Structure formats: structure tokens, C-alpha cells
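A quick write-up on the structure given underneath.
We number each residue from 1, following the sequence as shown. Quick caveat: nothing in here was measured; it's all calculated off a predicted structure.
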Amino acid sequence: MADIVGLTIDDKEVQAPEGMNLIDAAELAGVHIPNLCYLKGMKGIGACRLCLIEIEGLKAPMIACNTKVKEGMVINTKTEKVLEIRKFVIDLILSMHPLDCMTCTKAGVCRLQQYAYDFGIKESSFTRKRFGYPADEANPFIKRDPEYCIICGKCVHICKAQGTSVLDFMGRGVEAKVITANDRPLQESGCTFCGSCVDVCPVNALLEADRWRKGREWEYEKVNSVCLLCGNGCEITVSTKEGSIQKINAGAAEGSAERYICAYGRFGFDCIEAETRLTHPMKRINGELKETTWEDALRTVADKLKRSGKDVGFISVAGIVNEDALVLKKFVKDVVKTENVNTTMSLYADSDSLRKSHTADIDDADLVFLVGLSPSQRERILPALDAAIRKKVNRGLKLVVINSSEAKIAEASTISLKGDEVSNLKAIVRVLIDKGFKADKEIESSVKDAEVSEDIEKAASLFAEAKEPLIFSSPSLFWASANISLLKGKIISVALESNARGVALMGLTTEGKTYKEMVGTAESKEQSAQSGVKVLYAVGEVPLNKRPDGIDFLIVQNSHLTELAQQADVILPSATFLESAGTIIDYMGRLKYLPQIIEPQGASKSHRDIFIHLSKIIGSPLKRPAEAEVKKATRVKTKLSFSPFVKKEGFDISPSELIDSINASVINGSRLLWLKEIERAMAV
């Protein structure tokens, strides 16, 4: 932890960590130092020169974004000289910038507009310049308009920091321009359309392609929530107007490495009003699905569940909120009285690895071990983890990648250990023990024959020297990796769905038939044949397109008319995560809250409301879970003990196929379908 130093900023006494830059230190005192190019958490680049300040004892002004605090500094941010320079800079920028603030989409949140107002500049005193650069409007996601660009470099900086490196500068001086490679449109540049550039752009040069005349910033109601479309569980800020979602932005704190969302989370909300959206219950009558009432649909389902008893099986995605998971567990075990309930989490993880993971924060880590994982922004496999690690590497984090296959993120690593992961883990533990780390006899005995290479030595040394090491492991390698955390550091089992850890903690795990047995994809034909499930109840968009053989009655509870839903006997329309409230526990172990953003479409209901209504009809009414009940379920001891150095089998599902499958309706029902088609065309 950095030492605390004392300094004075505009006559205010400030205590700040040694090494912090002056912009951030001034914020601690409530003093804003104007800037257009600084990105919190990243090294200042000094492009705009607005953050000039004066330090007593120095002759010339200094840029605050790159100047570190020191004990006893006396800083003045509003001297006559400094204000004169800032006004000159704004005046010069305005000479090259359109003055259409009355109709500009970014009005109200434009930094340049605010500073021009602060200095009372209505028109530039310099000769106006126009360069005639064309706008890039060839995609439905992001509009780039160089005419508004102030060459602050934020978009280039963030794109490079997270490893996508699509944007860069062309030319020098006032005629410089931000371009893609060969100045191609975004969709031909390898852009992932994460929109990080949109979030950081201080003016109207980068914005959502569909924003024109969809409301001004001050008209929006902004609500913080969480995206549930993949295992990252990213924080988001949702902007609504008149009950409709207008846009979604990254919601994590400024400066955090986790301030990121992918294209799915940013642009997938279009699916809420897709043609495939289910707004009323449906029932199969004479071979055709027809709309019916909630009362008729629920009574039909209730009668079937009561008659079928233990022949019923429930499968669910692991992206439902904790409250839905708790009610589903009670409904299955207390109302229907069966043990046949399982989630998609079982396809890629064991519940114990998720339950026993530590609680951590990547922003605190100075070393990351990435074991058996290949996060990828381009393939949208845990993209936020990929981006966060790359940002942290740019800030000095040491990264060790341990993977038997080629992992793209290894290009950012300090050391990449290829080959059998278990062998590499054993060798690292052996070196750590040789370095003096205490371990019990079981661990010592299990690693004594491990082969140690030069890279293993280096990786172990990095781990030994780190103050806050953090291990991210695939669930199949969690227990082998956890043996390192017994010596030092924290370990996280990384799941592929947003609330897999919460689902495990809520106890929504099977004591009866497994997921694979209920859908007829068990490892052996004998297991599949013995499944014994005649009624299947599917909750959410499970990765199943064909009605399993042997199922007499299929119930699908989902927000969209999927391929599986089209084969159902009864369809119960559920609300999307943006239309219902609840909580999740992300892979880091943090409890996150999701408020209801908008009203559910049509007659759709939350998963828990559907189960509660069904329970009343069956005659064993359930209550809504209290917040205390959720928090109680999260309290679990994470003390680990030695486990054999083995890789667990049975978790071989393709991450990209699973994520695309559980988000098929989001992709096919939104502008994301265009992106998928473009990516397929570019891959040919």
C-alpha cells in the first residue's frame, strides 16, 4: 500500500497516496482540474494541455495528469496565467469544431461545451477551419464523425489499453485524424463494437448510431444495473425515456479495470421488442400453439405436474437471479416434490468450486495467474475479463498464462506456460515450497517429482514476490489450482454464466437426475435410457433446440419463442432481466443488485412470480424470498484444503457455443444479428 503524503491544493490541505497524479489528488479535495484527454486509472498523455497547474517553486506550469504528488507540494489550479492558457486552448479547439450545440446529441454531457461556457466563449477568435472528413455510418452500432473530433486521444488510448487496438492516429498537428487500419469502416477493421470509445469520447465524434433525436441526456432516467448475458456480470448504466430503453453504457466506477461492456450487453436490448418476443401464454391445441390465458396455462401445467410426480424434470439456465433460483428450488423440492432439478452450470462447472471460491477484486491484484482459461473479446468469451486483465497489464500487472492450448491473451503475458496445466501447477508449487513456503505433507509428497523449467522458476518467483496474487481458474482446474492458494493468494473459479456462483450458493443443484440425463445427452446410452423423465420444464433459454426423445410433455418458460419453445406443449412468457428486479453473485463473489428498469412486455411475468402462482394452484403456496434469505445463503466458509492435482472431466462444452446458444434470442432479435453475419462474412 502506498504511503500517504500531505500537500496543499488551492489552499486546501489534502492527504493523497504517494504516486497519485494531481488530477486525482485534486478530486479528493473537491477541486476539478479541467481536462479533455485524461482517463482515470491510466497514465496521462498530456494531449489537451488543459490540466496545466502551477506548483510553488517551479517556474513553468506543469500538466496535472502526469505530475505525481509529493510531500509538501503547494499547488494552484486557478491562477491568472493558468486560466489564460486554458481559455486559449478552448478557443483554439472551437475554431476546428462545429458550433451546433443546440442540436448536437452530446449537448449537456459535452466537456468542450461545458468549458466553453465556463470561459464565456461563444465564438472562436481564430479563423474557423473545416477538414471535410467523411463520417463512418456504415454500421448500426457506432457513428464516427471526425468533424467533431478534438484529437484528445481517449478512444485510441482505451482501445489500445484493452488490447483491441483498432484505432490510431494518422497525420500530425491540427489535420491529424483518428482512423482504423487503412481508414476502413469499423466493421472491416476487426472492431468488436464494445463501445468503450463511445463511453470515453468527450464530444460528439463517437456515439451510438441510433441516438439522433432519441432524447437529450437530461431527459433520460439513468439506472445502474447488471448485464446477465455472460459470466462477467458487468455493471451497466441504462438510460430510459418514457418507459423505453434508449441506450446502455458501462457502469463500473471510472478508473476501474472492469469498466467495460461488450457489444451484447451494450446493444442487445433491442431484443426486448423483437418479433419473437413472448407476451402471452401459449398452449398446444390440436397440434398448434395458440395464445391462452394465464389461468388456463398455469392450471394445465399444475395438473400435469401433480399427476406426473417424480417423472418431472426441471432444467434452467444459470443466468437467473438469486430470488428466482430460491423460489425454483423450493417449488421443485417442496411443491412438486422431486429432486430432478439442474442448471446449465453443471455443463462447465461443479458447484463446490464456485461455492468455495474466494471474494476478490481484480483492481487490487498485482499478479494474475490465468489457468485453463482463454477469455476473448473477439469471440465474446468472458470479454470483460480479457479487457480488464489487459488494462491491468498496461498498469503494471504481471500476468502468467497456464494453458494446454493456444490462448490469445498469452500475447499480453509476462510468462506463458504451455503444455499440461496440472504438471505446470505442480511444478510451481514445488518451487514455492523450495523457496520456503509452508505446505502440509500431502502437498509436498504430491509435487516432489514435478519437473521444473526456467519459465516455471520465473512464474513461481513472480508469485512469491507479489503482494496481492490472484488466480483465475477454469472450474475443471480449480481444485488443482487451489493448492497454490493454500500457500498464498486468492483463487476464483470462473463460470460462463452471470449468476452461476449465485445459483450454486442458493442450492439449485441436483440430487436426482442430472441436466444431461434429463435432456438425453448423458455420456452413456444407459444413463440416457434410465433418465425416467416424462415431463420436462425448461426455464430460460437453455442450449437445447430439439425436444428430447421420450418427453411426453414439454413446458418452456422463456421470454422469446425459441426453437425449443416452438415444440412445447405449454409456453409461459417470462420477463427479461431488464424487466424484473433481483440480485446476483458475480464470479468474484460480489452481491450485485438489479432494479426493474422497464415494465414487462405484454403479460410476461418474472420467473419467481410464475412459480409462486403455480404453487398456489397446486395447493402449496410459496412466499417471495426476503433479502435476508438471499444474504444468508451467500454466507459460506471458503476455507480450502489439499486436493489431488487432477483436471476434472465432464466440463468439455464449447464456451463460445454455450454463450451464443443461451443468447440466441438476444442475437437474432436485435441488431447483433447484423454483427454476427458480418463476422461470418469476414471470416471466410
Side-chain angles (χ1 to χ4, degrees), residues 228-229 277-278 281-282 294 297-298 300-302 304-305 308 312-336 338-347 351 496-500 502-504 506-510 512-519 533 535-545 547-548 551 553-577 579-580 582 584 594 600 604-615 618 622 625 658 661-666:
L228 300 190
L229 301 184
R277 183 63 197 273
L278 292 166
M282 301 185 80
W294 269 109
L298 292 176
T300 300
V301 171
K304 179 60 69 172
L305 294 178
S308 302
V312 179
F314 290 79
I315 57 173
S316 173
V317 293
I320 59 175
V321 296
N322 293 322
E323 291 74 11
D324 292 344
L326 274 176
V327 174
L328 173 55
K329 181 183 74 171
K330 292 177 181 178
F331 180 77
V332 172
K333 296 184 178 180
D334 299 339
V335 179
V336 181
T338 181
E339 301 294 340
N340 301 328
V341 58
N342 210 355
T343 71
T344 44
M345 178 263 289
S346 64
L347 300 176
S351 60
L496 297 175
E497 292 173 280
S498 55
N499 197 33
V503 162
M506 296 306 116
L508 192 58
T509 54
T510 191
K513 307 296 181 183
T514 67
Y515 180 99
K516 290 182 178 180
E517 287 173 340
M518 286 186 277
V519 302
V533 173
V535 176
L536 185 65
Y537 196 132
V539 180
E541 191 150 0
V542 294
L544 186 65
N545 294 329
R547 179 175 176 142
I551 298 298
F553 198 84
L554 176 62
I555 305 152
V556 172
Q557 184 170 300
N558 191 34
S559 57
H560 288 77
L561 187 62
T562 61
E563 286 186 48
L564 183 65
Q566 293 174 28
Q567 302 165 60
D569 295 288
V570 173
I571 302 174
L572 304 177
S574 62
T576 66
F577 72 90
E579 298 169 327
S580 58
I584 70 161
L594 290 81
S604 58
K605 302 176 183 292
S606 69
H607 289 302
R608 58 185 173 276
D609 281 344
I610 296 172
F611 294 128
I612 288 171
H613 290 168
L614 269 173
S615 71
I618 292 174
L622 296 172
L658 174 71
S661 181
I662 61 178
N663 290 313
S665 293
V666 174

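- Shown here for P548 and L536, the closest heavy-atom pair between the two residues is CG-CD2, 3.8 Å.
- Side-chain contact between P573 and P281 is present, with heavy atoms from C-beta onward closer than 4.5 Å.
- Annotation: the span from S574 atom OG to D609 atom CG amounts to 11.5 Å, rounded to 0.5 Å.
- Under the 4.5 Å side-chain criterion, counting only non-hydrogen atoms from C-beta, Q557 is in contact with F611.
- Side-chain contact between T576 and L228 is absent, with no heavy-atom pair separated by less than 4.5 Å.
- Side-chain contact check for L564 versus L554: some heavy-atom pair is nearer than 4.5 Å.
- Counting only distance, with no hydrogens or angles, the side chain of N499 and the backbone of I584 share no donor-acceptor pair below 3.5 Å.
- S615 places a side-chain N or O within donor-acceptor distance of the main-chain N or O of L622, the cut-off being under 3.5 Å.
- K329 contributes a side-chain N or O that, together with a main-chain N or O of M506, makes up a donor-acceptor pair within less than 3.5 Å.
- The OG atom of S665 sits 9.5 Å away from atom CD of E563, with the distance rounded to the nearest 0.5 Å.
- V327 has its side chain out of reach of H607: every pair of non-hydrogen atoms, C-beta onward, lies at least 4.5 Å apart.
- Across all non-hydrogen atoms, the minimal contact from V556 to A568 is CG2-CB, 3.8 Å.
- To the nearest 0.5 Å, atom CG of residue L594 and atom OG of residue S580 are 7.5 Å apart.
- Using modelled atom types, no side-chain atom of T510 and backbone atom of N340 make a donor-acceptor pair closer than 3.5 Å.
- The side-chain heavy atoms of D569 and R547, taken from C-beta on, include a pair separated by under 4.5 Å.
- Just one residue in the list L544, V341, T343 forms a side-chain contact (heavy atoms from CB on, under 4.5 Å) with I315, and that residue is L544.
- Contact detail for P543 and L658: the closest heavy-atom pair is CG-CD1, 3.8 Å.
- F314 and Y537 have parallel rings, their planes meeting at less than 30° on a 0 to 90° scale where 60° marks the start of perpendicular.
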Practice task
Applying side-chain contact (heavy atoms from CB on, under 4.5 Å), run through V539 and V317 and close with a yes or a no.
Solution key: CA-CA 7 Å; V539 180; V317 293; 5.9 Å; no

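- Distance check, rounded to the nearest 0.5 Å: CD1 of I555 to CD1 of I571 gives 11.5 Å.
- Between N342 and T514, the shortest heavy-atom contact is ND2-CA, 3.6 Å.
- Although no hydrogens or angles enter the test, the distance criterion places no donor-acceptor pair under 3.5 Å between the side chain of E497 and the main chain of I320.
- T344 places a side-chain N or O within 3.5 Å of a backbone atom of A318 that can act as its donor or acceptor partner.
- Residues H560 and E541 have side chains that never bring a donor and an acceptor to within less than 3.5 angstrom of each other.
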Practice task
Would you sort out whether I610 and W294 count as a side-chain contact (heavy atoms from CB on, under 4.5 Å), showing the intermediate values?
Solution key: CA-CA 9 Å; I610 296 172; W294 269 109; 3.7 Å; yes

Exercise for the section: Determine, stepwise, if the pair F331 / V336 fulfils side-chain contact (heavy atoms from CB on, under 4.5 Å). Expected result: CA-CA 6 Å; F331 180 77; V336 181; 3.6 Å; yes

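- Closest heavy-atom contact between P625 and L326: CB-CD1, 4.0 Å.
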Practice task
In sequence, state the C-alpha distance, the side-chain angles, and the governing distance for V519 and V533, and then conclude on side-chain contact (heavy atoms from CB on, under 4.5 Å).
Solution key: CA-CA 9 Å; V519 302; V533 173; over 6 Å; no

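- The minimum heavy-atom distance linking E323 with G582 is given by the pair OE1-CA, 3.3 Å.
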